[in-house]
Amino acid sequence: MTVSKAQAAVHAVWRIESARLIAGLARMVRDVGQAEELAQDALVAALEKWPVSGVPENPGAWLMATAKRRAIDEMRRHKLLARKHEELGHGLEEAEVPDLDAALDDDVGDDLLRLIFTSCHPVLSPEARVALTLRLLGGLTTDEIARAFLVPEPTVAQRIVRAKRTLAEKGVPFEVPRGEELAARLASVLEVVYLIFNEGYAATAGDGWMRPELCQDALRLGRILAELAPGEPEVHGLVALMEIQASRARARVGPSGEPVLLLEQNRALWDQLLIRRGLAALERAGKAGAAGPYTVQAAIAACHARARTPEETDWPRIAALYALLVQLTPSPVVELNRAVALSMAFGPAVGLELVDQLVAEPSLKHYHLLPAVRGDLLQKLGRLKEARAEFERAASLTRNVKEQALLRSRAAACSDARPS
């Protein structure tokens, strides 16, 4: 095998196996940072040996066995073998030569679940949780994470280093929480996955309207979580929401990369497989328990997915679902979305009345979608001068180049048009 082919195989295996590898090692050493270092050591060993010996039949198990041996060697050097002996197994000889086929089969699901809850622990900032989760569970490099979020690589590297240090200093246990703590921690996990998805679905900055790779990473994490926690309704609700939203990806971007808004999209481009998967996940969420915020948002997305044309959209139901969402998670942003639904169901004047009540909301002062929505409603009401000002303000607030262009074109349209 050529060196380049072997290296490509190593990196492919790493992307697939790294999360399980780090999770299994973290169970052994009880330190996420050390587990990642051991996994990286195994990766380096593979890059050195596989071009010569060829890719092993079970590459994931080879990496695990190599990392385990290095863990044992390190414990010996630090004279910690006696203390860690019970965690590593019943005998050193067995640990030194693990069963390669079974090396990744022990409690894989539990280990991954522990790793997800650890990397998304609330002691970390949301930015740190996102970076660490993409690194440990997404298999992304620091450079890939930095490029995805348009921040300097050293900033991401710092976040990851500090996150691992914080987990160690705070003594965060490598475990799945129980009882009431589970619900609180699960909310943090779902928030991180959804943050990743949203950044891919509607990029906050940069030249691209979307970053599909981040959507795919979030979907993969959500699907893993749904398999590991099948009894949690909000896990299925989030997966349903992401599947349905992702189904529109091809239709959301025009030939030149320009944004295409929902009601203007070519619905023939919507991915019907993802829609079916989303609707199935929504059904599972309903069977698992009471509807939470993600499940309600998925139900809203499902209303759009079921409509073959924009005119068939059940806007009164969507408005009712947003009213329910406001009760579950009171938020000015949710109220803004409810205003849009009300305008579609009962006319722009009804929606504008609610939007005007949000103008003084401090948390929306720099939120570009507030003037964007207000501009849209004013335009529909023929108040074009006011609409243009709102679109221009919205364009000044967003850092996404494609979105800026869209909003400026809408402002220009208000100047060109004449009230009917």
Side-chain angles (χ1 to χ4, degrees), residues 6-51 53 55-56 58-78 80 84 87-89 95-121 128-129 131-145 156-157 159-168 172-175 217 220-221 224 228:
Q7 289 176 338
V10 170
H11 289 298
V13 170
W14 176 258
R15 185 60 67 95
I16 295 169
E17 301 285 357
S18 60
R20 294 197 296 166
L21 180 61
I22 294 168
L25 291 166
R27 171 163 52 94
M28 292 169 55
V29 301
R30 299 287 164 178
D31 184 311
V32 170
Q34 186 184 3
E36 190 191 9
E37 289 174 9
L38 290 165
Q40 292 281 356
D41 287 345
L43 175 65
V44 171
L47 287 169
E48 292 173 351
K49 295 182 179 180
W50 291 6
S53 62
V55 179
N58 192 331
W62 188 99
L63 289 170
M64 176 61 88
T66 301
K68 276 188 175 182
R69 292 191 194 101
R70 289 176 185 268
I72 293 166
D73 290 342
E74 191 170 311
M75 288 174 188
R76 277 175 169 162
R77 283 195 299 271
H78 291 85
L80 293 176
K84 294 289 184 179
E87 294 178 25
L88 287 172
E96 285 182 316
V97 188
D99 179 345
L100 295 185
D101 290 329
L104 290 176
D105 291 339
D106 298 333
D107 301 318
V108 167
D110 289 345
D111 285 344
L112 276 175
L113 201 54
R114 292 185 191 107
L115 184 60
I116 290 173
F117 275 98
T118 302
S119 64
C120 298
H121 198 284
R129 284 181 240 163
L132 191 61
T133 300
L134 285 174
R135 177 65 175 265
L136 299 182
L137 287 143
L140 274 66
T141 64
T142 305
D143 176 59
E144 286 172 329
I145 299 169
V156 173
R159 287 175 184 170
I160 293 171
V161 169
R162 287 175 182 167
K164 290 187 285 191
R165 185 190 305 137
T166 299
L167 293 175
V172 173
F174 187 68
E175 64 183 17
D217 283 322
R220 185 160 61 86
L221 291 172
I224 290 171
L228 300 179

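Below, each value reflects all heavy atoms present in this structure, side chains not excepted, and no hydrogens, waters or symmetry copies. It should be emphasised that the depicted structure is a prediction, and the values quoted were computed from it without experimental measurement. Numbers here simply count residues along the sequence, with the first being 1.
Considering all non-hydrogen atoms of both residues, Arg70 and Ala45 come closest at NH2-CB, 3.6 Å. Minimum heavy-atom separation, Leu115 to Ala19: CD2-O, 3.6 Å. Residues Met64 and Arg20 share a closest heavy-atom pair of CE-O, 4.2 Å. Here the closest heavy-atom approach between residue Ala39 and residue Leu21 is recorded as CB-CD2, 3.7 Å. Looking at every heavy atom in both residues, Gly60 comes nearest to Val13 through N-CG1, 4.4 Å.
Residues passing the side-chain contact (heavy atoms from CB on, under 4.5 Å) test with Ala26 are Ala35, Phe174, sequence neighbours excluded. Qualifying side chain to side chain donor-acceptor pair (under 3.5 Å) partners for Arg159, counting only residues two or more places apart in sequence or in other chains: none. Partners of Thr133 by side chain to side chain donor-acceptor pair (under 3.5 Å), not counting sequence neighbours, listed by chain and number: Ser119. For Arg220, the salt bridge (charged side-chain N to carboxylate O under 4.0 Å, His left out) test picks out Asp217, with sequence neighbours left out. Looking at residues two or more places apart in sequence or on another chain, you find a side-chain contact (heavy atoms from CB on, under 4.5 Å) between Gln34 and Val29, Asp31, Leu38, Glu74. Residues satisfying the side-chain contact (heavy atoms from CB on, under 4.5 Å) criterion with Pro173, sequence neighbours excluded, are Glu175. In this structure Ala46 satisfies the side-chain contact (heavy atoms from CB on, under 4.5 Å) test together with Val10, Trp50, Trp62, Leu63, sequence neighbours excluded.
Of the inter-residue distances, the one linking Arg165 atom CZ with Leu167 atom CG reads 11.5 Å to the nearest 0.5 angstrom. Distance check: Ile160 CD1 to Leu134 CG gives 8.5 Å after rounding to the nearest 0.5 Å. Atom CD1 of residue Ile116 and atom CG of residue Leu228 lie 5.5 Å apart, to the nearest 0.5 angstrom. Atom CD1 of Ile22 is separated from atom CG of Leu137 by 8.0 Å, given to the nearest 0.5 angstrom.
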message: Determine whether Lys68 and Met28 satisfy the following criterion, side chain to side chain contact (heavy atoms under 4.5 Å, CB included), listing intermediate values before the conclusion.
response: CA-CA 9 Å; Lys68 276 188 175 182; Met28 292 169 55; 3.6 Å; yes

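Salt-bridge formation is detected for the pair Asp111/Arg114: a Lys NZ or Arg NE/NH1/NH2 atom is positioned less than 4.0 Å from an Asp or Glu carboxylate oxygen.
Contact check for Val172 versus Val32: no side-chain heavy atoms found under the 4.5 Å cut-off. Looking only at side-chain heavy atoms (C-beta outward), Glu37 and Gln40 stay at 4.5 Å or farther from each other.
Counting only residues at least two apart or in different chains, salt bridge (Lys or Arg N to Asp or Glu O under 4.0 Å) contacts with residues 133-145 comprise Arg15-Glu144, Glu36-Arg135, Asp143-Arg147.
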